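Okay, so here's the structure we're looking at.
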Amino acid sequence: MDTTTHLPQDTTSIPNLNVLIQTPIGTPLPADMLSKILSKPPFISLPQALNLRTISHPPFLQPNLIFRSGTISHLPSSSLLILKTKYNITTIFDLRSQAERLKYHSPSIEGVEILWIPSVNDAGGPPKREILKEFKEKGAVKVVVPMYRKMLETHREVFRGVFGWLREGGLGGGGLLFHCTGS
């Protein structure tokens, strides 16, 4: 695996996407560069939120209709309220595993429906340590593509529900958040 760093020396500018994609996964991004990347769309700055971003863009979907986040279980109520008031999120699809949900409960946000969808691990996928070992041995593409293909099978009803939700106008025009983690 190539371990050459492809990042520009000037870390105050944001490298183009092709440069970032070529950066080996084990190469840390300089803090000032990472801060600049995460402060620009599609990322959304929200106190204590991890990897919150919009994933809907014109011309296919209205902007800020569909979002993705890392864990939100630890967010203060003020940040959770922003999800509802500023971004009009009315539905959260919780894609975490059952074990994650037991360890870190879903937050309660008045007026927001939280729907749990079983994860690949709950559907009999390989344990996280096996996935990480494969990731190191085979590389990201050879591991991630089959993993997402499997998700299309194991999460068939989830996708059916989400696409139906979109077709019907997103529960009265509200937004949708996919709540995920890497476990």
Side-chain angles (χ1 to χ4, degrees), residues 14-17 20-21 29 33-123 125 128 140 144-145 147-183:
I14 299 175
N16 69 39
L17 185 57
L20 286 174
I21 289 172
L29 298 176
M33 181 185 293
L34 184 59
S35 178
K36 280 198 178 269
I37 292 168
L38 295 177
S39 70
K40 305 271 188 241
F43 296 99
I44 296 170
S45 179
L46 185 70
Q48 299 184 30
L50 175 66
N51 200 5
L52 175 61
R53 63 187 185 266
T54 181
I55 57 174
S56 58
H57 302 279
F60 306 107
L61 291 169
Q62 71 186 50
N64 291 334
L65 174 67
I66 305 174
F67 301 85
R68 186 264 181 231
S69 74
T71 186
I72 59 172
S73 302
H74 67 285
L75 292 182
S77 57
S78 57
S79 291
L80 293 170
L81 187 60
I82 291 170
L83 294 175
K84 169 98 170 84
T85 57
K86 183 174 181 180
Y87 296 105
N88 194 30
I89 292 171
T90 57
T91 305
I92 296 174
F93 281 93
D94 188 343
L95 302 180
R96 299 174 303 149
S97 71
Q98 185 172 14
E100 289 172 309
R101 286 176 46 86
L102 290 173
K103 189 173 181 179
Y104 304 104
H105 296 287
S106 293
S108 178
I109 310 168
E110 188 175 335
V112 176
E113 182 178 20
I114 299 178
L115 305 170
W116 178 59
I117 311 299
S119 76
V120 172
N121 285 338
D122 294 319
K128 182 179 177 181
V144 172
V145 171
M147 186 171 63
Y148 280 120
R149 278 195 187 119
K150 181 174 179 160
M151 283 184 73
L152 290 174
E153 296 169 15
T154 61
H155 286 64
R156 178 180 295 134
E157 294 306 313
V158 174
F159 292 113
R160 180 175 284 132
V162 170
F163 289 127
W165 182 87
L166 289 170
R167 183 186 64 235
E168 299 302 320
L171 299 176
L176 162 71
L177 172 69
F178 289 107
H179 178 198
C180 312
T181 59
S183 300

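No experiment lies behind these values; they were computed from the predicted model shown.
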Which pair of heavy atoms, one from [X] and one from [Y], lies closest together, and at what distance?
| X | Y | answer |
| --- | --- | --- |
| Gly174 | Thr90 | CA-OG1, 3.4 Å |
| Arg101 | Asp94 | NH1-OD2, 2.8 Å |
| Ser79 | Pro47 | OG-O, 2.9 Å |
| Phe43 | Leu38 | CB-O, 3.2 Å |
| Pro107 | Leu80 | CB-CD1, 3.6 Å |
| Pro58 | Pro63 | CG-CD, 3.8 Å |

How long is the span from the [atom1] atom in [X] to the [atom2] atom in [Y], to the nearest 0.5 Å?
| X | Y | atom1 | atom2 | answer |
| --- | --- | --- | --- | --- |
| Ile55 | Leu177 | CD1 | CG | 9.0 Å |
| Leu102 | Arg96 | CG | CZ | 9.5 Å |
| Ile72 | Ile114 | CD1 | CD1 | 6.0 Å |
| Glu100 | Leu95 | CD | CG | 10.0 Å |
| Phe67 | Leu46 | CZ | CG | 10.5 Å |
| Ile92 | Ile109 | CD1 | CD1 | 4.0 Å |

- [ ] Output yes when a side-chain donor or acceptor of Ser73 lies under 3.5 Å from a complementary backbone atom of His105, and no otherwise.
- [x]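 Side chain of Ser73 to backbone of His105, a donor-acceptor pair under 3.5 Å: yes, one is there.
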- [ ] Kindly say whether Gln48 contributes a backbone atom to a donor-acceptor pair with the side chain of His74 at under 3.5 angstrom?
- [x] yes
Open item on the list: I'd like to know whether CZ of Phe178 has more than 12 heavy-atom contacts from other residues, nucleotides or ligands below 6.0 angstrom.
Closed with: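 Enclosed: over 12 neighbouring heavy atoms sit under 6.0 Å from CZ of Phe178.
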